[in-house]
Amino acid sequence: MSKTSVKFILNIFLLLGIFGVIIYVLRHSMGSIFSQIGQTPWFIVLIIFVSGLLYQVAEGQNVWLLLDEKYPKFTPFDGMFASCYAAFMRVVTFGAGTIIGELWYYRKKELPLSKGAGLIALRMIFYKGALLVWSFIGLIFLSPQLVASKGLFAAILFGIGATFLIITAILSVSISLKLQVFLVKMAHKILHKEKAREAFDKINLNIYPIRQMILSLIENPSRLRKLIFFNLFKLSFWLVVPFIVLKGQHPDLGFFTSFFYTAFAIILAGVIPTPAGLGSLEVVFTWLFKPLVGQVDAISALLLYRFVTYVLPFLIGMVEGAIFKRKAMKEELEMIKLEKEESSS
């Protein structure tokens, strides 16, 4: 049996395994979400679906704008599909393959590994930065009602502070040459095997282009401002979802209260370590919205928010992944046919 035939068979087994995981996820993790969609008026579902789709389109534009040099084969829609494919990989690998999946997608689109890694780092920085800004504005805007609950006020301050430290740490590692040299020296002291040292040095070399991407942004204030405001605009498509869902049954719910509470929920969930971010958002979102709308409606809003931020990008990424896999397996089948024709002649 040829190597191509073995690879094709292995791909079939891999595909079956992925299908098994998808069926499990759809039945268990996403079952309650689809059930909630069935109980929600169609026009509400349509509005939040459009809002979620607009976020993904804006994310694609964001990824494209983050590139410090343009690649002819990489379009804003490729940026959108890269983000969705990463979401798909996050679900099927339970968080373990998110970064690898996104890097693989960028490589398929002929972006250098260092550029792909830079895009992932910058995407995270700008996402968390936008979340930080919205949360800080919300802290000031809603300070009278937040101060009334010391625990809530302290929790939000903790979330903002922890997110700020995360962004600072990523920027420090990416920008500071002194820190990179220090880490290399420490690694060479700790790592005794030559292969391990070479692997670490290779990672460090890939950090340098990321540094160049970040410095090019800092040196171009107008581009930096554009990206900051664009990411604030992009994130608002997610932050409005709970208000759209809850306003009909709770007319007294203020737009800014819902908007900023959603930002608080995301920023707090982001600093609570759980696999693939699952579980933490559910707890924090329900804790924040329960006093405003009651537990039942808070859970309903959470499920529909999860549809927009979790299920929708997963489904788009699943379609993109299926297209990639179909193309790869078609090429392998053609190779097997050619090998058979050569062996028979």
Side-chain angles (χ1 to χ4, degrees), residues 33-34 36-37 39-63 80 83-84 87 123 126-143 145-146 152 156 159-160 163 227-270 277 280-282 284-316:
I33 295 173
F34 287 118
Q36 182 60 47
I37 288 171
Q39 299 170 28
T40 306
W42 68 268
F43 61 91
I44 297 291
V45 176
L46 179 62
I47 293 169
I48 63 172
F49 175 82
V50 171
S51 186
L53 204 57
L54 286 172
Y55 176 94
Q56 297 304 329
V57 172
E59 183 65 281
Q61 183 69 22
N62 177 54
V63 172
M80 181 187 83
S83 170
C84 292
R123 204 158 72 86
F126 276 98
Y127 169 75
K128 287 191 174 293
L131 193 56
L132 183 70
V133 171
W134 279 130
S135 297
F136 186 73
I137 294 170
L139 188 70
I140 296 169
F141 190 82
L142 300 177
S143 57
Q145 70 186 71
L146 293 175
L152 178 58
I156 294 165
I160 290 172
T163 303
L227 279 163
I228 290 169
F229 284 112
F230 188 78
N231 275 269
L232 288 168
F233 167 72
K234 177 196 73 176
L235 189 58
S236 66
F237 287 117
W238 277 1
L239 300 182
V240 298
V241 169
F243 178 78
I244 294 167
V245 173
L246 294 167
K247 184 61 179 176
Q249 292 180 310
H250 299 273
D252 295 333
L253 179 66
F255 172 80
F256 290 110
T257 300
S258 175
F259 186 91
F260 290 127
Y261 267 52
T262 307
F264 297 153
I266 302 168
I267 204 167
L268 282 170
S280 54
L281 180 65
E282 283 77 359
V284 177
F285 189 97
T286 307
W287 175 58
L288 286 170
F289 276 87
K290 184 180 174 181
L292 300 175
V293 297
Q295 186 167 348
V296 174
D297 287 344
I299 292 172
S300 297
L302 169 66
L303 290 171
L304 292 172
Y305 176 82
R306 270 300 194 189
F307 166 73
V308 170
T309 62
Y310 177 64
V311 178
L312 182 58
F314 161 78
L315 293 175
I316 296 170

Colleague: With a 4.5 Å cut-off on side-chain heavy atoms, are Leu302 and Glu282 touching?
Modeller: yes
Colleague: To the nearest 0.5 Å, how far apart are CG in Asn231 and CZ in Arg123?
Modeller: 10.0 Å
Colleague: Nearest 0.5 angstrom please: Ile244 CD1 to Phe255 CZ, how far?
Modeller: 8.5 Å
Colleague: Show your working on side-chain contact (heavy atoms from CB on, under 4.5 Å) between Ser300 and Gln39 and close with a plain yes or no.
Modeller: CA-CA 10 Å; Ser300 297; Gln39 299 170 28; over 6 Å; no
Colleague: Show your reasoning for whether side-chain contact (heavy atoms from CB on, under 4.5 Å) applies to Leu288 and Leu152.
Modeller: CA-CA 8 Å; Leu288 286 170; Leu152 178 58; 3.1 Å; yes
Colleague: Looking at every heavy atom in both Phe314 and Ala87, which two are closest together, and how far apart are they?
Modeller: N-CB, 4.2 Å
Colleague: Apply salt bridge (charged side-chain N to carboxylate O under 4.0 Å, His left out) to Lys128 and list each qualifying residue two or more places apart in sequence or on a separate chain.
Modeller: none
Colleague: Taking side-chain hydrogen bond (donor to acceptor under 3.5 Å, both in side chains) as the cut-off, I'd like each qualifying pair that reaches into residues 235-254, sequence neighbours left out, listed once.
Modeller: His250-Asp297
Colleague: Can the ring centres of Phe229 and Phe233 be said to be less than 6.0 Å apart?
Modeller: no
Colleague: If the test is side-chain contact (heavy atoms from CB on, under 4.5 Å), which one of Phe141, Phe260, Phe264 qualifies with Leu146?
Modeller: Phe264
Colleague: Do the non-hydrogen side-chain atoms of Thr40 and Val245 ever get within less than 4.5 Å of each other?
Modeller: no
Colleague: Donor-acceptor pairs under 3.5 Å, side chain of residues 44-56 to any protein atom, not counting sequence neighbours: which ones?
Modeller:
residue, atom, partner, partner atom, Å
Ser51, OG, Phe237, O, 2.5

Colleague: Can you run down the side-chain hydrogen bond (donor to acceptor under 3.5 Å, both in side chains) pairs that involve residues 253-269, sequence neighbours left out, and say none if there aren't any?
Modeller: Gln145-Tyr261
Colleague: Would you say Tyr127 has more than 12 foreign heavy atoms packed within less than 6.0 Å of its OH?
Modeller: yes
Colleague: Considering residues at least two apart in sequence or located in another chain, which fulfil the side chain to side chain contact (heavy atoms under 4.5 Å, CB included) criterion with Leu268?
Modeller: Ala155, Val284, Trp287
Colleague: If a pair satisfies salt bridge (Lys or Arg N to Asp or Glu O under 4.0 Å) and one of its residues is in residues 229-239, list it, with sequence neighbours excluded.
Modeller: Glu59-Lys234
Colleague: Check for a donor-acceptor pair, side chain of Asn62 on one end and backbone N or O of Ala58 on the other, with a separation under 3.5 Å.
Modeller: no
Colleague: Less than 4.5 Å apart, side chain to side chain, heavy atoms only: is that true for Val241 and Phe307?
Modeller: no
Colleague: Please name all residues satisfying side chain to side chain contact (heavy atoms under 4.5 Å, CB included) with Ala263, sequence neighbours left out, ordered by chain then number.
Modeller: Leu131, Trp134, Ser135, Leu239
Colleague: Provide the closest heavy-atom pair for Ile267 versus Leu132 in the form atom of the first, atom of the second, distance.
Modeller: CD1-CA, 4.0 Å
Colleague: For the residue pair Leu281 and Ala265, what are the closest heavy atoms and their distance?
Modeller: CD1-O, 3.9 Å
Colleague: Calculate, to the nearest 0.5 Å, the distance between atoms CD1 and OG1 belonging to Ile266 and Thr309 respectively.
Modeller: 7.5 Å
